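Working notes, beginning with the structure itself.
None of the values given here were measured: they were computed from a predicted structure.
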Amino acid sequence: MFNVTESVIRLFLFWGGILFFLILELVISYRPSSVSKLKRWINNLALTLFNSILLNLIFSAAIVGTAAYAQKNQLGILNLIEIPTWLKILVTVAFMDFMLYVWHLLNHEMPFLWRFHRVHHSDLNMDVSSATRFHIGELAISAVIKISLIFFLGASALGVLIFESAVVLCAQFHYSSIKVPKWFETIFWVLFVPPSMHRIHHSVIIKERNTNYSTIFSLRDRFLGTLLKDVDQDKIRIGVGAYRKPDQLNFHQLLAMPFTKPIR
Ligand SMILES: [Zn+2]
């Protein structure tokens, strides 16, 4: 039952979020696209659907299912100690978010993982469709690690569901090409990740790209020394230096990219 409800919530949040931010992008656009939005959307949605069909359906159910299994069988650290449910949920969300930060950092620092993660960074513009432009290899490796961590922690199933939903919505927001009022960005930066923060992470300049890894809480970057704030937003060029032409970035080329020559 939990799985059915969970899948419906996920689907609703995911497609509802895409539609909501797409409308915002049309109404309060941050800047005009430098390449065809339609072409990018075709490739990004093709990747998203390909991943969903082959992988997400199995793994996203397995991720919350693992937490429910660990809870039922009292496995993992949080099930060994007596703590209130709300605290368990809070620890689960904070721990999973921190692990996502570490995983993201490793994707930039380890050449093998970067082979896959560069597919995501090769997008030439950023908008809500970039939020799920990932290579299936990256998602498969991260899902296996995530499931192991849930077991190890004895994560709360509800905490995992809240975390997974928050990741989707936070990512859709900070990828969106929308004009966000400066006062809102300033307040949002303190705790969370606004579009300007993540835009720096997608810069072609490697020194800028290897910063701002957070997904939900910007505190990770702030305390671990990877925060970069002072960049002229209007001058940021999105993408990876080696891939500047849209005709290098079609669906089949994105799928093959991790197995082609290494680039930085
Ligand atoms: Zn990245």
Side-chain angles (χ1 to χ4, degrees), residues 13 17 21 30 63-64 67 76-78 81 83-110 113-114 117 120-121 126 128 130-132 134 138 142-143 145-146 148-150 152-178 180-203 205-233 236 238:
L13 282 181
F21 288 112
Y30 170 67
I63 285 165
V64 181
I77 295 172
L78 291 182
I81 47 176
I83 55 165
T85 310
W86 65 266
L87 188 57
K88 212 165 159 180
I89 293 172
L90 209 70
V91 172
T92 298
V93 174
F95 175 80
M96 299 286 288
D97 182 61
F98 177 61
M99 283 299 140
L100 187 56
Y101 167 90
V102 175
W103 167 247
H104 191 182
L105 187 138
L106 291 177
N107 270 279
H108 282 249
E109 296 297 330
M110 293 174 65
L113 295 178
W114 173 249
H117 192 54
H120 173 64
H121 276 267
M126 253 170 89
V128 64
S130 318
T132 42
F134 287 98
E138 176 177 345
S142 89
I145 294 174
K146 212 183 262 180
S148 318
L149 288 171
I150 290 170
F152 167 76
L153 181 71
S156 143
L158 183 59
V160 173
L161 182 59
I162 292 172
F163 167 75
E164 294 281 300
S165 307
V167 165
V168 169
L169 291 181
C170 288
Q172 286 180 340
F173 171 59
H174 64 231
Y175 280 100
S176 289
S177 180
I178 51 177
V180 183
K182 198 145 181 60
W183 62 265
F184 180 83
E185 286 246 345
T186 312
I187 299 170
F188 209 72
W189 263 95
V190 178
L191 265 185
F192 303 104
V193 182
S196 58
M197 180 176 171
H198 205 67
R199 202 174 292 127
I200 297 171
H201 180 75
H202 276 261
S203 165
I205 299 169
I206 295 173
K207 249 167 65 188
E208 293 176 0
R209 183 176 81 200
N210 290 348
T211 63
N212 299 356
Y213 296 110
S214 302
T215 303
I216 302 178
F217 301 109
S218 60
L219 294 170
R220 314 288 181 205
D221 285 298
R222 202 174 294 282
F223 291 124
L224 294 163
T226 48
L227 185 80
L228 179 64
K229 226 175 159 178
D230 298 321
V231 170
D232 185 345
Q233 289 283 331
I236 296 176
I238 306 291

Validation row: [X], [Y] side chains within 4.5 angstrom (heavy atoms):
X      : Y      : result
Asp221 : Met197 : yes
Trp189 : Ser196 : yes
Thr215 : Tyr101 : no
Phe163 : Leu100 : yes
Arg220 : Leu227 : no
Met96  : Lys146 : yes
Met126 : Tyr30  : no

Locate the shortest heavy-atom distance separating [X] from [Y]; write the atom from each residue and the value.
X      : Y      : result
Ile216 : Val167 : CD1-CG2, 4.0 Å
Val190 : Leu219 : O-CD2, 4.0 Å
Pro195 : Ser176 : CB-O, 4.0 Å
Ala155 : Val160 : CB-CG2, 3.8 Å
Gly159 : Val93  : O-CG2, 3.6 Å

Checklist entry - What is the ring orientation for His121 with His104, classed by angle as parallel under 30°, tilted 30 to 60°, or perpendicular over 60°? => result tilted
Next on the checklist: Please enumerate all residues that pass ring pair (Phe, Tyr, Trp, His ring centres under 6.0 Å) together with His198, with sequence neighbours excluded.
Outcome noted: His174, Tyr175, His201, His202
Item to check | Side chain Asn107, main chain Trp103, donor-acceptor under 3.5 Å | outcome: yes
Checklist entry - Between Phe188 and Phe173, is the gap from one ring center to the other below 6.0 Å? => result yes
Item to check | CG (Asp232) with more than 12 external heavy atoms under 6.0 Å | outcome: yes
